[in-house]
Amino acid sequence: MKVLILGVNGFIGHSLATRILADTDWEVAGMDLESDRVRGLLENPRMRFLEGDIAIHREWIEYHVKRSDVVLPLVAIATPATYVTNPLGVFKLDFEENLRIIRYATAYNTRVVFPSTSEVYGLCPDRAFNEFTSNLVMGPIDKQRWIYACAKQLLDRIIWASGEQEGLRFTLFRPFNWIGPGLDDIDSAKEGSSRVVTQFLGHLLRREPLQLVAGGHQRRSFTYIDDGIEALMQILRNENGVADRQIFNIGHPGNDCSIRELAEHMRGIVAEQPGYEDVRHASLTGDVSEAEYYGEGYQDMPCRVPDVSNARTRLGWEPQVDLDTALRKTIAHYVGREAVACPTG
Ligand code: UGA
């Protein structure tokens, strides 16, 4: 099988490419702006890579969509701070550039495995979000945070319609707060520049206080990358067409926790690492408001638990990695790196 991964150097992209090259005889073609995470894969004869921008190298993309069996358009801005500070940039990259790829796939009859998002459920009041029964509930227009979820939702709908009207073969998957090695760059000190686990970890390793936005009562279901990649492998294998025209929540309902609990848990794990014992006293600041932290265009969702019965039934998939293990594996990756540059702080 020939797999095209756009955004192959990203968190999901590089993890998936690594797994494919290790466990299958499939070929991978990939494009990304950067290559640091995939460097170890570039010598593999089944890996083809172009360092470039999906907005510029359109001919390369069209050629590879045409010759591939499946395309994963993984290029997107996925950090909430950017939804608020640069909503048009999010729309252009996450929506417009990806729409072009969906159109190529439709024209050349290439299967699409598209990353929707847990964010499409928004403020849905359901206890657990279901792909086919939950309503997708978004906030007002001046809350620009929703432009990401809105862009993804419209692409979900376009892909679905392209399947019905034009025969596009597709699967939509919805990651629920996937975490793991290579998630974001923790060396970037800017507030809100990465997702919460890497943001907190950077602060802990630099001995900075953790900011619990609006008290940290909001909840997320964190999912270890290996569980996510296992689901993606089942989707790519697509035995007997089980994943065709399907939507799959890929998350770990058992790892639901509040952001405050997450902060306390991470602080405890980091303080167990040699040289970081003092981190157990790191302060958790709970009085920063959403508007202060992210800006007026931000709005949060109080909870986000996936119903994974569709993935369980169709893919035979079940998340395996509990929160403690997922955090320990993620932290070990970054502490190993940080310890080289800054052994005891
Ligand atoms: C994320 C991103 O939108 C995407 O990466 C993705 O589509 C989706 O969720 C997903 O992975 O399922 P969110 O969970 O809100 O959205 O992103 P985080 O930046 O990880 O924030 C999680 C929570 O932690 C938010 O409530 C945020 O306010 C809080 N937070 C974040 C803090 O309390 N303190 C911080 O320093 C950073």
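Along the sequence shown, residues are numbered consecutively beginning with 1. In what follows, every heavy atom counts, from backbone to side chain, and hydrogens, waters and symmetry copies are set aside.
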Residue R67 excluded, over 12 heavy atoms near CZ under 6.0 Å
yes

For E230 and W317, test the side chains for any donor-to-acceptor distance below 3.5 angstrom and give the result as yes or no.
no

Identify whether the distance between the nearest side-chain nitrogen and carboxylate oxygen of R312 and E318 falls below 4.0 Å.
yes

Under a 4.0 Å N-O cut-off, is there an ion pair linking K152 with D156?
no

Relative to the ring of F95, is the ring of F91 parallel (under 30°), tilted (30 to 60°) or perpendicular (over 60°)?
parallel

Over 12 non-hydrogen atoms of neighbours within 6.0 angstrom of CG in D142:
yes

Decide side-chain hydrogen bond (donor to acceptor under 3.5 Å, both in side chains) for N255 and S221; before the verdict, give the C-alpha distance in whole Å, the side-chain angles of both, and the deciding distance to 0.1 Å.
CA-CA 5 Å; N255 288 351; S221 303; over 6 Å; no

With no hydrogens and no angle check, do the side chains of T82 and T79 hold a donor and an acceptor under 3.5 Å apart?
yes

Are I250 and M301 in one and the same hydrophobic cluster, where Ile, Leu, Val, Met, Phe, Trp and Tyr link if side-chain heavy atoms are under 4.5 Å apart?
no

Criterion side-chain contact (heavy atoms from CB on, under 4.5 Å) against K329, the qualifying member of T325, I331, L327
T325

I'd like to know whether CZ of R103 has more than 12 heavy-atom contacts from other residues, nucleotides or ligands below 6.0 angstrom.
no

Would the W160 and F170 ring centres measure less than 6.0 Å apart?
yes

Would M1 end up clustered with M233 when hydrophobic side chains under 4.5 Å apart are linked, directly or stepwise?
yes

What I want to check is whether the side chains of D227 and H252 have a donor and an acceptor closer together than 3.5 Å.
no

Check step by step if side chain to side chain contact (heavy atoms under 4.5 Å, CB included) holds for E59 and E62.
CA-CA 5 Å; E59 282 179 18; E62 185 172 2; 5.5 Å; no

Show, in sequence, the C-alpha distance, side-chain angles and deciding distance for L236 and L16, and conclude whether the side chain to side chain contact (heavy atoms under 4.5 Å, CB included) test is met.
CA-CA 11 Å; L236 287 172; L16 181 62; 4.1 Å; yes

In Å, rounded to the nearest 0.5 Å, how long is the span from CG of L4 to NZ of K66?
14.5 Å

Do L232 and V71 sit in one hydrophobic cluster, given that two such residues count as connected whenever their side-chain heavy atoms are within less than 4.5 Å of each other, even indirectly?
no

To the nearest 0.5 angstrom, please state how far the OG atom of S116 sits from the CD atom of Q153.
8.5 Å

Y121 vs F176 aromatic rings, parallel, tilted or perpendicular, using cut-offs 30° and 60°?
tilted

Under the side chain to side chain contact (heavy atoms under 4.5 Å, CB included) criterion, do I225 and R19 qualify, and how do the steps go?
CA-CA 11 Å; I225 183 73; R19 175 76 186 273; over 6 Å; no

Do you know which two heavy atoms are closest between A326 and I179, and how far apart they sit?
CB-CD1, 4.0 Å

Among the clusters formed by ILVMFWY side chains lying less than 4.5 Å apart, do M138 and I158 turn up in the same one?
no

Aromatic rings Y83 and Y148: how do their planes relate, parallel, tilted or perpendicular, breaks at 30° and 60°?
parallel

What's the verdict on side-chain hydrogen bond (donor to acceptor under 3.5 Å, both in side chains) for D307 and N249, showing C-alpha distance, side-chain angles and the deciding distance?
CA-CA 7 Å; D307 172 351; N249 289 336; 5.9 Å; no

side-chain hydrogen bond (donor to acceptor under 3.5 Å, both in side chains) between E51 and S35, worked out:
CA-CA 7 Å; E51 193 159 310; S35 60; 3.0 Å; yes

V242 and R314 have their tightest heavy-atom pair at O-NH1, 2.9 Å

Taking only Lys NZ, Arg NE, NH1 and NH2, and the carboxylate oxygens of Asp or Glu, determine whether R206 and E208 approach each other closer than 4.0 Å.
yes

Heavy-atom pair with the smallest gap, counting every atom of G30 and W60
O-CH2, 3.5 Å

Point-to-point distance, once rounded to the nearest 0.5 Å, from CG of L72 to CZ of R111
8.5 Å

Is there side-chain contact between Q144 and T85, with at least one heavy-atom pair below 4.5 Å?
no

Should H203 and Q199 be marked as a side-chain hydrogen bond (donor to acceptor under 3.5 Å, both in side chains) after you check the CA-CA gap, both sets of side-chain angles, and the distance that decides it?
CA-CA 6 Å; H203 289 316; Q199 188 75 42; 3.2 Å; yes

Taking every non-hydrogen atom, the tightest pair across V120 and A149
CG1-O, 3.7 Å

Spell out, yes or no, whether V279 and L212 are grouped together once hydrophobic residues are joined by side-chain heavy atoms under 4.5 Å, including indirect joins.
yes

Can you tell me if K143 has over 12 outside heavy atoms packed within less than 6.0 Å of its NZ?
yes

Mutual orientation of the aromatic rings belonging to Y294 and Y298 [parallel < 30°, tilted 30-60°, perpendicular > 60°]
parallel

Would you mind checking if E119 and R174 are paired as a salt bridge, meaning a charged N to carboxylate O distance below 4.0 Å?
no

Above 12 or not: heavy atoms from other molecules or residues under 6.0 Å from CZ of R48?
no

So does D69 pair up with K2, basic N to acidic O under 4.0 Å?
no

Charged N to carboxylate O under 4.0 angstrom, E277 versus R280?
no

Walk me through whether E261 and R220 qualify under salt bridge (Lys or Arg N to Asp or Glu O under 4.0 Å).
CA-CA 10 Å; E261 288 162 352; R220 297 292 190 271; over 6 Å; no

Do N109 and R169 pass the side chain to side chain contact (heavy atoms under 4.5 Å, CB included) test, and can you show the C-alpha distance, the side-chain angles, and the key distance before you say yes or no?
CA-CA 7 Å; N109 196 27; R169 290 173 303 133; 3.8 Å; yes

Distance check, rounded to the nearest 0.5 Å: D184 atom CG versus R195 atom CZ?
4.5 Å

Heavy-atom check, side chain of P319 versus side chain of P253, under 4.5 Å
yes

